[in-house]
Structures are given as C-alpha cells and as structure tokens.
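Reading through the structure tokens given below for one structure.
Counting begins at 1 with the first residue of the sequence.
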Amino acid sequence: MKDDNAPQRIIESTMELIKQSGGDVGRVTARAIASHANVSLGLINYHFGNKDNLILECTQQIISQVVSSFVIKYSPPEGCDVITASKLQLTATAKGVFEFLFANRELSRLSILGDMKDYSADSNTVHTMEAFMRRIGDVLESDERRRIASMLTATVQSAFLASFSSYEYMGYRLQEQQQREQFIESVVEQLFGRYGNSVSA
C-alpha cells in the first residue's frame, strides 16, 4: 500500500533529529531517520536519492525558517543622519547573521555550500541578501542597495567558510567574537563608507 505521507514524515523526522543532534549532522544516521519516521530504509533512497540529499534539503529548510524570522532589534542613536543610521542598522544585522553562522557551524556550512551548488531565487543566500537590503532602507537607490547587500552576503559567507585560516588571509581571528564584530564593522565601512561617517555599532 502506497504511503503518500512518507516523504513529509521523513523530512520532519530528519529535521527533528538534526535539531536534537545540535546541528551535528554526522550523528544523524539513515537508520535513525527511518526508525523515527516509521519507514523502511529503502524509502529514504527512493524519495531523496540518498541520505546526504535528504540532510541537505532539511538543513536548507531549517536555515530558511531561521532566516525568514531573523530580526535584529537595533535602534540607532538619536540625532544621527539617515545614512549613518542605515549603516548602523546594517552593521547590527550583519553581526547577528555572522554570529548565527558561527553558533550553527555545520548547518550553516551545509546551507552555504548547498546554495553555491544549486543557486536559486529562493535560496537562503538570496533571503539573507534581501534582509540586508531591507536594513539599508530607501536611503540609497535600489541598484546600490542590491550591490552592497550582495557583496556583504558574499563576504560574510566566504569569511565564515575560511574562518580557520582567517588571520593569515584577512588579519582577523574570526574564532573570537570581538574580532568577528570588528571584521563586520570594517566590511560595512568599506562597502558603505563613501556615503557617510564611520560605522560604530
């Protein structure tokens, strides 16, 4: 008898097991997924090709849920001009994104590499870029907002992926939170710098 709900149960079970593992997807076995979803092992391969494809799909969904609800509460100091306020808001958001990546290393790595392999308009990378664009606001033209947001997204992702050799190549020890914050401030300043005063968030 055909089980039409099996794919969704497999996805939900895999996401639950990934969360229980603290993001350590290496601990999530196909046997555990099948048992949790109450399906045979063969159904995982039948519906998803293999466990790695399933893990990637579930990782992307988990990160997507976080990105869609990602809110950084930050209020710029009173009296600052709109350009400075926009830079400060963007800096605060970028720091929050960067901290999320480091707090969820394995899931974030899989998500970024998955986007690079199969880039689409609905990818987590694009959603992150759109979040950055919203933080910039209407103080710049649309093309300028998109340029800054896309360059910031690419820089944050590549710095995260190369974080263990970051000091050698970038001069920042990205394993340390203070250094990560300084890195983000520097990047936003360089991308946004010609529009206003120095960033300090």
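Using a 4.5 Å cut-off between side-chain heavy atoms of Ile, Leu, Val, Met, Phe, Trp and Tyr, with links allowed through other members, Leu191 and Phe132 fall into the same hydrophobic cluster. In the hydrophobic clustering of this structure, Val139 does not group with Met129; members are Ile, Leu, Val, Met, Phe, Trp, Tyr whose side-chain heavy atoms approach within less than 4.5 Å, directly or through other members. When hydrophobic clusters are built by joining Ile, Leu, Val, Met, Phe, Trp and Tyr residues whose side-chain heavy atoms come closer than 4.5 Å, directly or via intermediates, Val97 is grouped together with Ile184. Cluster membership check: Phe48 shares its hydrophobic cluster with Tyr46, using side-chain heavy-atom separations under 4.5 Å among Ile, Leu, Val, Met, Phe, Trp and Tyr. If you chain together hydrophobic residues whose side chains sit under 4.5 Å apart, Met133 and Val126 never meet in one group.
In this structure the side chain of Ile148 never reaches within 4.5 angstrom of the side chain of Val188, judged on heavy atoms. The shortest side-chain heavy-atom distance between Glu189 and Lys87 falls under the 4.5 Å cut-off.
Closest heavy-atom contact between Lys51 and Thr29: CD-C, 4.1 Å. In this structure, Gly114 and Leu56 approach most closely via the heavy-atom pair CA-CD1, 3.9 Å. When all heavy atoms are compared, the tightest approach of Gly137 to Ser86 is N-OG, 4.4 Å. Nearest heavy atom pair, residue Ala94 against residue Leu152, reads CB-CD2, 4.0 Å. Between Lys95 and Glu181, the closest heavy-atom pair is CE-O, 3.7 Å.
Judged by distance alone, with hydrogens and angles left aside, the side-chain atoms of Asn50 form a donor-acceptor pair with the main-chain N or O of Asn53 at under 3.5 Å. One N or O on the side chain of Ser166 and one on the backbone of Leu174 form a donor-acceptor pair closer than 3.5 Å. Within the 3.5 Å criterion, the main-chain N or O of Arg31 finds no donor-acceptor partner in the side chain of Ser35. When atom types are taken as modelled, the side chain of Ser64 and the backbone of Gln61 share no donor-acceptor pair closer than 3.5 angstrom.
No hydrogens or angles considered: nothing links the side chains of Asp24 and Ser21 as a donor-acceptor pair under 3.5 Å. Side-chain contact, Gln60 with Ser111: a donor N or O sits under 3.5 Å from an acceptor N or O. When only modelled atom types and interatomic distance are considered, Gln190 and Ser186 share a side-chain donor-acceptor pair under 3.5 Å. Under the 3.5 Å distance criterion, with hydrogens and angles disregarded, a donor-acceptor pair is assigned to the side chains of Gln8 and Glu12. Gln182 and Gln179 share a donor-acceptor pair across their side chains, judged by distance under 3.5 Å alone.
A salt bridge between Glu106 and Arg109 is present, with a side-chain N of the basic residue lying under 4.0 Å from a carboxylate O of the acidic one. Under a 4.0 Å N-O distance rule, the pair Glu144/Arg147 qualifies as a salt bridge.
Each of Val39, Ile11, Thr14 was compared with Ile33 under the side-chain contact (heavy atoms from CB on, under 4.5 Å) criterion, and only Thr14 meets it.
The side-chain tip of Arg180 does not point at the ring of Tyr172 from less than 6.0 angstrom away and within 45° of straight on.
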